[in-house]
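Read through the structure below, which is laid out as structure tokens, and then see the notes.
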Amino acid sequence: MTWTPGPNPFPADPDAPVDITDFRYVDKLHLVRHETARAGSTGSDWQLTKDYRVTFRLNGQPAQITAPRGMFTDLASVPRILRWYASQVGPHLEVSIIHDFLYMAWTDYRDLDGARRADHDFADDLMLAGMRAVPSIGGFKRTMIHTAVNSFVGWSIFRDKDETLETRMNRWLPLLDGVGIP
């Protein structure tokens, strides 16, 4: 099975203002944990077993993003030193999966050396919109998480990719074979 990228999830005009409203979680999140699936793993041992979709309005127009079945994630990318405040699993988990997808997906639509700051900012702003859709995430915590991903190392993690998501997905999808998941 060969995976190919779907529609470009990023706004077409990098200079246009971005207004994200009506964020909704469409699917239940389905994951499997691979303890030794990847040599040299840094904690990205969780793999989506089904597509995971969210919908929202982008500048008034309906939009959808799908994190694909087979994608690996480290759940919420929270440095160990900060996990007392925001763990890898919590009410921000679902949008963190979409955020992870966007942090990889740009590679299928831009040259690997051509990451756009506007795409990074969109990913971070979508994460903020997704956290706003969860009443149990208070305003202060949302702001702190958004500030952390948007201000600290987020941009360098976003842009420093050495392969496309398509290449990764074609390597990752076969790992679901034999796991016993439909």
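When atom types are taken as modelled, the side chain of N59 and the backbone of P17 share a donor-acceptor pair closer than 3.5 angstrom. With hydrogens and angles ignored, the 3.5 Å screen pairs a side-chain donor or acceptor of D108 with a backbone N or O of E166.
Taking CD1 of I97 as the reference point, atom CG of L102 lies at 12.0 Å (rounded to 0.5 Å). Interatomic distance, E163 CD to N170 CG, rounded to the nearest 0.5 Å: 10.5 Å. Here the CE-NE2 distance, from M131 to H99, works out to 8.5 Å after rounding to the nearest 0.5 Å. To the nearest 0.5 Å, the span separating CZ on F72 from CG on L173 amounts to 10.0 Å. Here the straight-line distance linking atom CH2 of W106 with atom OG1 of T164 works out to 10.0 Å at 0.5 Å rounding. Remark: R69 CZ to L176 CG distance equals 4.5 Å, nearest 0.5 Å.
Among all heavy-atom pairs drawn from L165 and M104, the shortest one is CB-O, 3.7 Å. Scanning both residues, M127 and V95, for their nearest heavy atoms gives CA-CG2, 3.6 Å. Smallest separation of non-hydrogen atoms from A105 and F10: C-CE1, 4.1 Å. Of all heavy-atom pairs spanning R116 and P11, the tightest one is NH2-O, 3.2 Å. Among all heavy-atom pairs drawn from G70 and Q47, the shortest one is O-NE2, 2.9 Å.
Contact check for Y52 versus H30: no side-chain heavy atoms found under the 4.5 Å cut-off. Counting heavy atoms from C-beta on, the side chains of R110 and N8 come closer than 4.5 Å. K50 places none of its side-chain heavy atoms less than 4.5 Å from the side chain of D27. Put simply, the side chain of I20 reaches to within 4.5 Å of the side chain of L58, judged on heavy atoms.
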- Task: Please step through side-chain contact (heavy atoms from CB on, under 4.5 Å) for the pair R168 and R171, ending with a clear verdict.
- Result: CA-CA 5 Å; R168 292 172 187 222; R171 186 175 64 247; 3.9 Å; yes
- Dump the intermediate steps for side-chain contact (heavy atoms from CB on, under 4.5 Å) on T73 and L48, then the final yes or no. CA-CA 8 Å; T73 178; L48 286 173; 5.5 Å; no
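Below 30°, between 30° and 60°, or above 60°: for F122 and F56 the angle between ring planes is between 30° and 60°, a tilted geometry. Between F23 and Y25, the ring planes lie perpendicular to each other; the angle is over 60°, past the 30° to 60° tilted range.
Note on Y109: it does not cluster hydrophobically with F101, by side-chain heavy-atom contacts below 4.5 Å among ILVMFWY residues.
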